[in-house]
Amino acid sequence: LVRFAKSLGFEGYQQFKHEIQDEIRHRLNPYDKIALSELDLLPGEKRLQKLFQNEYNNIRSTFSNIKITDLDVMAEGIKKARRVFLSAFGATTYVVRIFQYTLLSSLEKEVYVVSGSVSDYAPVLKSFSSDDVMFLMTFPPYSVEVKHVAKVVKERGGQLFLFTDSAACPVYSEADKVIRCMTNSLLLTNSFAGLISILHVLVQMVYLDEKENAAQSRQRTISMQESGYATIGNSKDKSIQ
C-alpha cells in the first residue's frame, strides 16, 4: 500500500488515505447549502454573517490545502514560458480576464485567453507550443471544452496547470500541477473567492521574483494610461470649443 501510494505521487499511505477521505466528503456534500427560504427568514445581520462566513471558509480551506511548492512551480512556469495561455469557460471566463489583465499590466509577456466555443478559441489554441504554459480553470458543471484544451496542451508537450475543486474534474489527471479551490455556495453559483485570492497571490509571487522588470513594465502601463486619459481629455476640450 505504501509503495502504491508513493507511485501515485503521495508521500505515503496516510497522505493517500486523507486525500481519499477528503474527496469522498466533497462528493457526498459538494455544497453546504442553506435553503433560500431559510436565509430569507433570517434578520439582515444574521444573513450577512452567514454569507461572509461562507466566503471566509472558502478562502481558508483553499489556502490550507495548497502546497507552496506547487505555487512556486506555477510562478516559475510563467517566468520561463514564451507565452502564457489562460483557459476557462462559462462564468469562470470573467475571472480569467482579470488574471490576464493583471499579468499584462505587470509583465512583458504575451498572454492569450482560450474561451468560448471551439470555433472561437481554435485560432488562438492552434499556436500553442511546448515553450508555452496553459492555466486551465474549471468548476462544476465542468465545461466539455476543457478536455479538448488539455488534450492539445499535452500532445504538444506544454505545461498544464489546473485550478479546480475536486479530483472529479475530467482533466484532473492530465495536469502537471493542481490547485484545488473551495467553491461552496449557500445559494446558487460557485464562489470564486478562493480562486481569485490564489491568482492574486500567484501574480505577486511572480512580481517579487521579477521585481525590477515587473516595476518597469508596471510603469509603462501607467504611462500608457496617463497618455490615453490626456488624449481623451484634449479631445473633449477641443469638441467643447
(message) Pair I198, L71 - check side chain to side chain contact (heavy atoms under 4.5 Å, CB included), show working.
(response) CA-CA 9 Å; I198 286 299; L71 279 179; 4.3 Å; yes
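- Note that the CG atom of L1 and the CD atom of Q14 stand 10.5 Å from one another [nearest 0.5 Å].
- Here the OG-CD1 distance, from S61 to I66, works out to 11.0 Å after rounding to the nearest 0.5 Å.
- Atom CD1 of I59 is separated from atom CG of L195 by 11.0 Å, given to the nearest 0.5 angstrom.
- Screening F161, F128, F135 against F85 for a ring-ring contact (aromatic ring centres under 6.0 Å, His included) leaves a single residue, F128.
- With a 6.0 Å radius and a threshold of 12 heavy atoms from other residues, nucleotides or ligands, Y101 has its OH atom at or below the threshold.
- Listed by chain and residue number, S191 satisfy the side-chain hydrogen bond (donor to acceptor under 3.5 Å, both in side chains) test with E55 (two or more places apart in sequence, or in another chain).
- In terms of modelled atom types and a separation under 3.5 Å, the side chain of K109 and the main chain of I78 share a donor-acceptor contact.
- Judged as a salt bridge (Lys or Arg N to Asp or Glu O under 4.0 Å), and not counting sequence neighbours, R97 has no contacts.
- For the 3.5 Å distance criterion, the side chains of D120 and S117 qualify, holding a donor opposite an acceptor.
- One distance of note links CZ of F139 with OG of S166; it measures 11.0 Å at 0.5 Å rounding.
- In terms of modelled atom types and a separation under 3.5 Å, the side chain of N58 and the main chain of G194 share no donor-acceptor contact.
- For S127, the side-chain hydrogen bond (donor to acceptor under 3.5 Å, both in side chains) partners two or more places apart in sequence, or in a different chain, are R83.
- E76 is linked by a side-chain hydrogen bond (donor to acceptor under 3.5 Å, both in side chains) to K79, counting only residues two or more places apart in sequence or in another chain.
- A donor-acceptor pair is defined here as one N or O able to donate and one able to accept, closer than 3.5 Å; such a pair exists between the side chain of R156 and the backbone of K126.
- Identified under the ring pair (Phe, Tyr, Trp, His ring centres under 6.0 Å) test for residues 190-218, with sequence neighbours left out: none.
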(message) Set out, in order, the CA-CA distance, both residues' side-chain angles and the distance that settles side chain to side chain contact (heavy atoms under 4.5 Å, CB included) for N213 and E108, then state yes or no.
(response) CA-CA 8 Å; N213 293 334; E108 295 299 314; over 6 Å; no
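- Of the inter-residue distances, the one linking M137 atom CE with F99 atom CZ reads 5.0 Å to the nearest 0.5 angstrom.
- S115 places none of its side-chain heavy atoms less than 4.5 Å from the side chain of V96.
- D132 places a side-chain N or O within 3.5 Å of a backbone atom of S129 that can act as its donor or acceptor partner.
- Between the CD atom in E210 and the OG atom in S106 there is a gap of 12.0 Å [rounded to 0.5 Å].
- The backbone N or O of Q53 sits less than 3.5 Å from a side-chain atom of N57, completing a donor-acceptor pair.
- In this structure E155 satisfies the side-chain hydrogen bond (donor to acceptor under 3.5 Å, both in side chains) test together with K151, sequence neighbours excluded.
- Tested against M74 for a side chain to side chain contact (heavy atoms under 4.5 Å, CB included), the candidates V133, L202, D176, T69 yield a single pass: L202.
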